[in-house]
Amino acid sequence: MGIKKMIDLHCHSHFSDGLLSPSALLDKALLLNVQILALTDHDSTDGLADLHAAAHQRPIKIINGIEISVRWKKHDIHVLGLNISPQSQTLMDLIAVQAQSRTHRAQQIGERLKDCGLENAYQKARLQAGHEHVGRPHFAQVLVEEGKAIDLQQAFRRFLVRGRPAYIETAWASLEYAVLSIIAAGGQAVIAHPLKYKFTRSKLRQLLTEFKATGGEGLEVVSGAMSALQAREMAELCSQFELLASSGSDYHGDGLSRVALGQQHALPLNCLPIWERWAGATSSKSPI
Ligand code: MN
Ligand code: MN
Ligand code: MN
C-alpha cells in the first residue's frame with residue numbers, strides 16, 4: 001500500500017479571486033503536506049513567478065496552471081491548462097483577449113448601472129477589485145455600499161444576474177481556442193469541475209466529445225466538495241472517454257471554500273492520474 005499523495009491541481013490566489021497571496025498559499029500547502037500544487041488563477045498566470053519564488057528549495061512540486069473561461073453553446077465552461085509554459089506567446093495573447101473581454105463587459109455593466117441611477121459604477125468597482133479583474137462581485141459590493149441593495153445576494157438578484165438590467169454576457173474564448181492555446185503552451189487541457197455546469201449526462205458527453213476532438217486530455221474527476229460517489233461517476237466517464245484524471249480543491253480561501261488545499265477526495269483507483277505524465281512529479285507508483 002502506498003502512502004496517500006497530497007495533490008492539488010486547482011486553486012486560486014489573489015491574482016484572480018482567491019484571498020491569499022501565492023506565498024501565503026504556498027505556506028498553507030506546506031502546512032497541509034501538499035506535495036504537488038498547481039496554481040490555476042482565472043485567465044491569469046501572474047501569480048506563478050511569486051509561487052515559484054516562495055517554493056524554492058521547499059519540499060513541494062509546483063505545476064504552472066491557469067483556469068480559462070470558455071463560452072460553449074451558450075454556457076460558461078472552465079478549462080484548466082496544466083503544466084503550461086507561461087511564456088508562450090499564444091497563451092499570452094489569449095490572456096490579453098480574455099482581459100479585454102472582461103474589461104469591456106465591466107464597462108458595459110457600468111453603463112447599465114448608470115441607467116439604474118448609479119454613477120461611476122465602473123470606476124468604483126475598479127477600486128473594489130484591487131489585484132483582481134473587475135467582475136460582478138465588485139459591482140455587487142458597490143451596489144450595497146451605495147444603498148441600492150441590502151446585501152450582495154440582493155445586489156446580484158436585482159441587477160447582475162441573467163434577465164436583470166445590468167446583466168452582460170462575456171465574450172469568452174471558444175473551447176477550441178482555449179484548448180489549442182494550452183497545447184501551444186506545452187500544457188494539458190482539463191475540463192474543470194464537470195458537475196458544476198449542471199448538464200444532463202448527454203450534454204456532458206457532448207462537451208467531452210468536442211473537447212477530446214480538439215485535443216483536450218483531462219477531466220477533473222475530483223473537484224472541491226464533490227462526493228465520493230460523484231467522483232466515481234466522473235472516473236467512469238473519464239475512462240470511457242480515455243481522458244487523464246485530475247484532482248483539485250478549487251480553493252479560494254478560508255470561508256470561501258468548503259475544501260482546504262489538497263483536502264478533496266482521493267482519486268478513484270481506476271483512473272490514470274494526469275500527474276504521472278509529468279517528469280519528476282511523482283517518485284513512486286503508489287496509488288493516490
Ligand atoms: Mn473563482
Ligand atoms: Mn471554475
Ligand atoms: Mn477555480
Side-chain angles (χ1 to χ4, degrees), residues 7-22 24-25 28-29 34 36-48 51 63-72 75-84 94-95 98-99 101-102 105-106 125 128-141 152 156 160-161 169-170 172-173 175 178-179 182 187-199 204 207-208 211 216 218-226 230 234 246-265 274:
I7 291 180
D8 198 334
L9 302 180
H10 188 161
C11 69
H12 297 272
S13 76
H14 69 191
F15 282 93
S16 66
D17 55 348
L19 295 180
L20 301 179
S21 67
L25 205 58
K28 204 163 195 69
V34 174
I36 307 177
L37 179 71
L39 176 62
T40 55
D41 278 318
H42 295 284
D43 302 296
S44 170
T45 54
D46 291 346
L48 293 174
L51 185 65
I63 298 295
N64 292 325
I66 189 168
E67 181 170 21
I68 299 174
S69 298
V70 159
R71 196 81 182 141
W72 180 76
H75 303 283
D76 288 340
I77 301 293
H78 288 173
V79 176
L80 299 170
L82 296 179
N83 215 13
I84 48 154
L94 168 78
I95 291 169
Q98 298 278 86
S101 302
R102 270 181 206 276
R105 178 219 205 188
Q128 294 279 352
H131 268 88
E132 302 173 40
H133 291 292
V134 183
R136 287 187 296 172
H138 310 116
F139 284 103
Q141 281 167 22
L152 297 177
F156 267 89
L160 298 168
V161 296
E169 262 176 24
T170 315
W172 296 126
L175 183 64
V179 171
I182 291 165
Q188 272 109 42
V190 174
I191 295 286
H193 41 62
L195 292 174
K196 214 172 165 184
Y197 315 118
K198 301 196 166 29
F199 285 171
L204 190 51
L207 171 64
L208 293 179
F211 174 69
L219 180 68
E220 201 171 48
V221 165
V222 177
S223 167
M226 197 187 260
Q230 289 172 321
M234 290 305 104
S246 191
S247 175
S249 63
D250 205 359
Y251 179 77
H252 284 68
D254 292 347
L256 285 184
S257 304
R258 277 186 287 166
V259 177
L261 276 180
Q263 308 299 301
Q264 73 279 10
H265 275 288
I274 194 162

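If you read the sequence from its start, that first residue is 1, and numbering goes on from there. Note that ligands are numbered from 1 as they come in the structure, with each ligand's atoms numbered from 1 the same way.
Minimum interatomic distance between S246 and L9 (heavy atoms only, all atoms of both residues): OG-CD1, 3.5 Å.
Ring pair H42/H12 is parallel by interplanar angle, where below 30° counts as parallel and above 60° as perpendicular.
Considering V34, L39, T40 as possible partners of L37, the one that fulfils the side chain to side chain contact (heavy atoms under 4.5 Å, CB included) test is V34.
Any protein N/O/S atom under 2.8 Å from the Mn ion (ligand 3) was counted, giving 4 altogether.
Without hydrogens or angle criteria, Q264 side chain to I7 main chain gives a donor-acceptor distance under 3.5 Å.
A donor and an acceptor atom, one from each side chain of D17 and H133, are nowhere located under 3.5 Å apart. Using modelled atom types, one finds a donor on one side chain and an acceptor on the other under 3.5 Å when comparing D8 with S249.
Take the N/O/S atoms of D17: the one nearest the Mn ion (ligand 1) is OD2.
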